[in-house]
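A short write-up of the structure that comes next.
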Amino acid sequence: AECISGVITEIERLSLKYPALQIIVTSRPDSDIQHSRHFRTFRLAPLNQKDFKPFLKRLLINEADVRLLLQAIESSPARVASLLTTPLMLTLVAVVYRAEQAIPPELPQFFEMLFTTLFSRHDRTKAGFIRRRYSELSERETQLLFEAFCFMTRFHAMSTSLTDAEINRALLAAIEYSGIACKPDEFYKDITKIACLMQREGVKTNFIHKSIQEFFAASFVRRANDEFAKKYYESQRSHPQIWRQENAFLSQIDTYRSAKYFYIPEIQSVEQYYGVN
């Protein structure tokens, strides 16, 4: 991080000294170089299926690995394949595949692996490179706080595109509830610049995919104590459509409690209404 300013200055000096020289810089969204008056910023077009093979051939040297990964993507759940619209996400699927020799068959398993991949394993694939984290939280603490943050964004009916005020409100509530203390701006940088689970676009910050927000909000409920979980599931019997996807995730990752406090009481109420024994 301490080298960024100097590097940008050097690049700008090159562009001034050699005006005919075409310079292309790739960066993560909202990097400092994008604010330079010497450059124009272009958004990359989303990947489509015909891009997968040539991209992976650059990424994975072994031709057999490319073929196996393409087969795994083709046979994976449609919702996993729908995430693969950016080079980052396709790279991450490749990293998960390298580690596990399979793409997880269920979306919750994929997201479980994704956090570790995004936060640390992705950088470990680059020789001699360790990205500096901004907060002093461990990977585990960061994940727990992110889960609480996602839950608070859903609890306060926020969309996947958040203003700074909304992020601050949800994050302060998450810090208070989880008891994991950190500076909000440092946590924000870890999530947007290190893990890239969210990306800054203009005046708002977006989750890279709606399912990210939904899964980690569900994961927060999964880790909660029984008193909180019971209260949550009972509340869903009145407004299940608002948290529909979270409840679908919870039926897979918190099976016992979602059945005990949500599905079984629902079935019993239907039986009572129709007089079925």
Side-chain angles (χ1 to χ4, degrees), residues 1 30 108 111-112 114-116 118-120 131-251 253-254 256-258 260-262:
D30 203 44
F111 283 128
E112 289 282 7
L114 185 62
F115 190 91
T116 299
L118 281 164
F119 203 73
S120 58
R131 198 182 305 276
R132 183 177 69 83
R133 296 179 189 171
Y134 293 89
S135 73
E136 295 182 359
L137 299 180
S138 66
E139 184 177 316
R140 175 69 171 169
E141 289 172 327
T142 304
Q143 180 171 347
L144 292 175
L145 185 54
F146 183 68
E147 290 173 354
F149 169 75
C150 290
F151 181 86
M152 294 304 171
T153 64
R154 297 288 289 131
F155 181 76
H156 293 295
M158 298 175 188
S159 71
T160 55
S161 182
L162 309 177
T163 64
D164 290 343
E166 287 175 325
I167 289 172
N168 194 53
R169 180 186 182 190
L171 187 49
L172 289 176
I175 289 171
E176 181 181 356
Y177 193 91
S178 67
I180 299 173
C182 72
K183 293 180 180 178
D185 62 321
E186 291 179 350
F187 175 79
Y188 175 82
K189 287 178 182 177
D190 277 345
I191 293 302
T192 57
K193 295 182 182 292
I194 305 299
C196 281
L197 289 161
M198 302 182 75
Q199 294 181 342
R200 182 83 179 187
E201 292 188 15
V203 297
K204 290 192 173 184
T205 303
N206 305 326
F207 286 93
I208 59 172
H209 198 276
K210 190 172 188 289
S211 295
I212 296 284
Q213 182 189 31
E214 294 165 339
F215 172 76
F216 286 104
S219 190
F220 174 79
V221 176
R222 182 248 314 253
R223 298 186 203 280
N225 59 38
D226 282 349
E227 183 183 356
F228 180 96
K230 183 179 180 182
K231 191 179 296 184
Y232 168 82
Y233 286 118
E234 287 177 347
S235 74
Q236 293 310 293
R237 296 181 60 204
S238 308
H239 307 287
Q241 68 279 5
I242 300 173
W243 296 74
R244 181 176 297 162
Q245 190 53 55
E246 284 84 357
N247 292 333
F249 281 132
L250 285 165
S251 69
I253 63 176
D254 194 27
Y256 176 78
R257 295 193 303 187
S258 66
K260 181 178 180 180
Y261 298 127
F262 179 67

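Quick note: numbers below take in every heavy atom, side chains included, and nothing from hydrogens, waters or symmetry partners. For this chain, numbers begin at 1 and follow the sequence in order.
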* Any donor and acceptor pair, going by atom type alone, linking the side chain of D254 with main-chain N or O of L250 inside 3.5 Å? -> no
From the list L171, L145, T142, side-chain contact (heavy atoms from CB on, under 4.5 Å) partner of C182 resolves to L145
Worked verdict on R154 versus F220 for side-chain contact (heavy atoms from CB on, under 4.5 Å): CA-CA 11 Å; R154 297 288 289 131; F220 174 79; over 6 Å; no
Open item on the list: Before we go on, tell me: are the rings of F228 and Y177 under 6.0 Å apart, centre to centre?
Closed with: yes
(Q) I'd like to know if the side chain of H209 reaches the main chain of S211, judged simply by a donor and an acceptor atom lying under 3.5 Å from each other, with no hydrogens or angles considered. (A) yes
Of all heavy-atom pairs linking M158 and E166, the shortest is CE-O, 3.5 Å
Does the side chain of L137 come within less than 4.5 Å of I180's, by heavy atoms?
yes
Quick one: do the T116 and E139 side chains pair a donor with an acceptor below 3.5 Å?
yes
Minimal heavy-atom distance between A217 and C150, with the atoms involved, is N-CB, 3.7 Å
Rounded to the nearest 0.5 angstrom, the NZ-NZ distance for K230 and K260 is 7.5 Å
query = Do T160 and N206 get their side chains close enough for a donor-acceptor pair, meaning under 3.5 Å?
reply = no
- request: Please work out which of the three classes, parallel, tilted or perpendicular, describes the rings of F146 and F115, given edges at 30° and 60°.
  value: tilted
dist E136:CD -> K183:NZ (nearest 0.5 Å) comes out at 8.0 Å
Smallest heavy-atom separation, I175 atom then A181 atom, equals CG2-CA, 4.3 Å
Can you label the angle between the F151 ring and the W243 ring as parallel, tilted or perpendicular, going by 30° and 60°?
tilted
inquiry  = Could you check whether any side-chain heavy atom of Y261 comes within less than 4.5 Å of a side-chain heavy atom of R237, counting everything from C-beta outward?
reply    = no
S258 and S251 have their tightest heavy-atom pair at OG-CA, 3.6 Å
When rounded to the nearest 0.5 Å, the distance separating OG of S161 from CE of M198 is 8.5 Å
Non-hydrogen side-chain atoms of Q236 and N247 separated by less than 4.5 Å = yes
Rounding to 0.5 Å, atoms CZ (F149) and CG (L144) come to a distance of 15.0 Å
Short question: side chain of R257, backbone of Y233 - any donor-acceptor pair under 3.5 Å?
-> no
* **Heavy atoms from other residues, nucleotides or ligands near CD of E176 exceed 12 (cutoff 6.0 Å)** => no
OH of Y188 to OG of S135, rounded to nearest 0.5 Å, is 14.5 Å
CZ of R169 to CG of L162, rounded to nearest 0.5 Å, is 11.5 Å
Determine whether D164 and N168 make a side-chain contact, defined as any pair of heavy atoms from C-beta on separated by less than 4.5 Å.
-> no
Ignoring hydrogens and angles, state whether a donor on the side chain of E147 or Q143 is under 3.5 Å from an acceptor on the partner side chain. yes
